[in-house]
Amino acid sequence: MTYPSGHPCILRCLVMFLVMFFLVSTFCIADQNQVSATVPSAALQYQSENSGIGESSVSTDNVDFDRGLMHFTPAQLMEFQEYRNQMPMIAVATGESLPAASKSLLSEVPYLGKKRDQGYCGNCWVWASTGALEVTHSVSSDVSDQLSVQYFNSNWNNGSSFSNACDGGWSYQVADFYNSTLHQAVPWSNTNASYADYYWEEGQPSGIPASSIADTPHYPISSVSDTRLVVNQGQGNAINTIKSQINAGVPVVYSFFLPNEGWADFRSFWKNDSETAIWNPDPYNATEMTGGHAVLIVGYDDTVNESYWTVLNSWGVRDNRPNGLFRLKMDIDYNATSFQDGTEYSAQYFDIIAASFSSVSGQGSLSVSSNPSGASIWIDDVNVGQTPNVITNITSGIHSLKLSKDWYFDNSDTFTICANQTTTISKVLSPEGSLTVSSKPIGAEIWIDGSDTGLVTRAEVLQLTPGTHNLTLVRSGYANYTATFKINAGMTTPFIALMDETGGSIAITSSPSGASIFVDQADTGYQTPKTISGLTPGTHTVILKKDLYKDWAGSVMVAALNTTPVDTTMIAGGSNGSIFVSSTPSGGKITLDGLTTGYSTAKKIIGIPAGQHTVTINMSGYQDWSSTVTVRAGVTTTVSGRLIP
């Protein structure tokens, strides 16, 4: 591949060298407990706004810890301004306003949701810039593929603990690094190319060395440029300038700066408001800046009463933000300023990243192996042979892969093919076994490890992991049958159960349905309508719980071999919510507010009063994990703990 000479220009390289030397990095570090950073005096000294984050939990589904911000010294801001003055620019779009319209580039973004989450790593600048590259790749080359953020992180300064990508940076540095060093982007699906710096800690290197990331296949890049937009010549002209870029299929990197109270308000806005709410930064104009953040504008709508920009963040997702988006008010003051130590600076910057991807259309190959070998290879649902194998003449693009072998779980993934390149994939298959269950009488529901299989006796339950499992059989008019059984890899385990006809049943219905059923304070795991069988004769307490409804409770008399009906109408107005608790590894015992729940991860715990609660997960051989979570009425809050041996 031949790359253009003389790009970037000598002056730009000299300025970049000076900026890199003096700035080292611009921090965008996640607020952490007792964060400290030691850097040269000429470099930025990160100063955390908070001594702690209040939440030690980390989850890519619903994270309550505050992401970090970029912080600057006055000298750094001056250096940055000087560098921006050397950058190419797109002049303001003057003239009549562009027609009102609604435009979105989200269809060009290869993925949304929980994967787009910087975690504890302060590389918002890399996420925004990589998102711009992905959109450019899709628009210009018709290739919609997730690009590896980790590939940049691990190569930037060799992923070292000093001036790590997680310490922060700017979009122009992404452009210059691709031009000077990388010359290519790699798919997220490459071996070890998925994101590994979510749990990054200050002073530590990147989560995986660059040498471990497969750079085949890859997308050759001949050039990348970062261009600033001129937006300080009137609101209408600024809007025209940004809309022109979006209309041309070009997203805009948006960097903005706020004071302490502004960041508190923005974080509250992110955590509590919906994706249709609109953020307005104007109240914080001409205030003392305390930090900045980089995001990506991917659309707009000025056909509505309050016009807005659609903005893609890198803070993951929440229940209220399933796509990781927020809306920015369009009619803002584009001449807004911030102050630091009495000096005035711009409060926001708008840039575009343009890239020229070399063509990778054509055909390539896939080298695929598995442990054990002999697995059937399915590409795009077509059987093409067994592992190990090299499959040739595969059209460039993204394809599905499935490896299947008797007595092993199917292994499914996607892979990318580029012309004249060989993609290498190696998979370790997980063994499985099966269980045949018979009962007397037949027709009992089969539950494995607390989950309904949807089968009734007699039946074979497939794809069970080797080890010990819990079995529950449920049949109206009979006591629930519980037992443990062991699954061996590659074998079918037979099980026969004799169920006792000693209990009675309660047939419970409610309006509305879907209420969780508790009998004698124990969670049955069922929801209405449901018949609970196998109950001892006598009086039992039944409680029904449903979010946004008041709990219903009553005493029910049960007679042997009889079914007692219970039908109730639940009253709206409850303030309960739920918590979904998961852990790595799973199977940890869950304690809520110091009380044992009897549940293990992963588990949704319902009927929890709104407010703050303490969740603790403990597992033999691991340190206890604890976090404080806020439960809101009618909302399921997700919390996930990583257990440390």
Side-chain angles (χ1 to χ4, degrees), residues 26-35 37 44-59 62-73 77 117-125 127-128 168 202 254-295 308-309 311-321 324-329 332-333 336-341 344-349 610-612 627-632 635 637 639:
T26 52
F27 288 78
C28 181
I29 302 173
D31 298 332
Q32 301 180 35
N33 291 324
Q34 300 178 343
V35 169
L44 168 70
Q45 299 287 336
Y46 171 75
Q47 303 193 356
S48 175
E49 296 178 39
N50 306 303
S51 60
I53 61 174
E55 287 283 327
S56 59
S57 64
V58 178
S59 166
N62 186 10
V63 183
D64 285 331
F65 76 88
D66 290 336
R67 300 303 195 281
L69 307 172
M70 298 184 289
H71 298 264
F72 299 90
T73 65
L77 288 172
D117 191 343
Q118 66 192 65
Y120 283 108
C121 175
N123 61 344
C124 55
W125 57 296
W127 284 93
E202 172 66 11
Y254 171 57
S255 303
F256 60 106
F257 300 83
L258 297 170
N260 275 333
E261 62 270 25
W263 285 117
D265 291 343
F266 181 77
R267 284 165 168 161
S268 176
F269 164 82
W270 175 261
K271 292 179 180 180
N272 300 313
D273 292 358
S274 72
E275 288 186 335
T276 61
I278 297 177
W279 169 251
N280 178 17
D282 281 351
Y284 314 101
N285 187 10
T287 56
E288 188 77 8
M289 70 168 67
T290 56
H293 183 47
V295 291
Y308 62 86
W309 305 109
V311 186
L312 178 60
N313 203 356
S314 56
W315 288 1
V317 299
R318 304 177 60 83
D319 289 343
N320 57 310
R321 297 190 184 275
L325 301 169
F326 70 92
R327 292 179 177 180
L328 170 68
K329 183 180 179 181
I332 60 174
D333 183 358
T337 59
S338 289
F339 288 86
Q340 188 173 82
D341 296 339
E344 184 181 66
Y345 302 95
S346 175
Q348 51 206 359
Y349 300 92
Q612 287 196 331
S627 175
T628 300
V629 298
T630 300
V631 173
R632 289 181 291 151
V635 175
T637 300
V639 63

Original post:
Roughly how far, to the nearest 0.5 Å, is CG of Asp333 from CG of Asn285?
Top reply: 5.0 Å
**OP:** Apply side-chain contact (heavy atoms from CB on, under 4.5 Å) to the pair Val295 and Leu312, showing each step before the final yes or no.
**Re:** CA-CA 6 Å; Val295 291; Leu312 178 60; over 6 Å; no
**OP:** Can you see which heavy atom on Val317 is nearest to which on Gly324, and at what distance?
**Re:** CG1-N, 3.8 Å
**OP:** Could you pull out the closest heavy-atom pair between His293 and Ser314, with the gap in Å?
**Re:** CE1-OG, 4.2 Å
Subject >> Separation between CD1 of Ile278 and OH of Tyr308, rounded to the nearest 0.5 Å >> reply: 7.0 Å
Subject >> Verdict with reasoning, Tyr254 to Trp125, per ring-ring contact (aromatic ring centres under 6.0 Å, His included) >> reply: CA-CA 10 Å; Tyr254 171 57; Trp125 57 296; over 10 Å; no
**OP:** Provide the closest heavy-atom pair for Ala347 versus Ser338 in the form atom of the first, atom of the second, distance.
**Re:** CB-OG, 3.4 Å
Original post:
Taking all non-hydrogen atoms of both residues, which atom of Ser346 and which atom of Met289 are closest, and how far apart?
Top reply: O-CE, 4.5 Å
Original post:
Only one of Trp309, Tyr345, Trp263 forms a ring-ring contact (aromatic ring centres under 6.0 Å, His included) with Phe256, so which one is it?
Top reply: Trp263
**OP:** Could you check whether the rings of Tyr284 and Trp279 sit parallel, tilted or perpendicular, using 30° and 60° as the cut-offs?
**Re:** parallel
Original post:
OG1/Thr287 to CD/Glu261 distance, rounded to the nearest 0.5 angstrom?
Top reply: 6.0 Å
Original post:
Which heavy-atom pair separates Trp270 from Leu325 by the least distance, and what is that distance?
Top reply: CZ3-O, 3.7 Å
**OP:** State, without any angle test, whether Ser274 and Asn320 hold a side-chain donor-acceptor pair at a distance under 3.5 Å.
**Re:** no
Original post:
Does the pair Phe326 and Phe266 meet the rule for a ring-ring contact (aromatic ring centres under 6.0 Å, His included), with working shown?
Top reply: CA-CA 10 Å; Phe326 70 92; Phe266 181 77; 5.3 Å; yes
Original post:
Given the rule in the side-chain contact (heavy atoms from CB on, under 4.5 Å) test, do Thr290 and Gln340 qualify, once you have shown the distances and angles that lead to the verdict?
Top reply: CA-CA 8 Å; Thr290 56; Gln340 188 173 82; over 6 Å; no
Original post:
Within 45 degrees of the axis of the six-membered ring of Phe269 and under 6.0 Å from its centre: does Arg321 put its NZ or CZ there?
Top reply: yes
Original post:
Can you tell me how far CD of Glu344 sits from CG of Leu77, rounded to the nearest 0.5 angstrom?
Top reply: 12.5 Å
Original post:
Looking at CD of Gln118 and SG of Cys124, how far apart are the two atoms once the value is rounded to the nearest 0.5 Å?
Top reply: 5.5 Å
**OP:** Look up atom CG in Leu258 and atom CZ in Arg267, then write down how far apart they are to the nearest 0.5 Å.
**Re:** 10.0 Å
Original post:
Any Lys/Arg nitrogen of Arg632 or Asp319 sitting under 4.0 Å from an Asp/Glu carboxylate oxygen of the other?
Top reply: no
**OP:** Step by step, work out the side-chain contact (heavy atoms from CB on, under 4.5 Å) result for Glu275 and Arg327.
**Re:** CA-CA 7 Å; Glu275 288 186 335; Arg327 292 179 177 180; over 6 Å; no
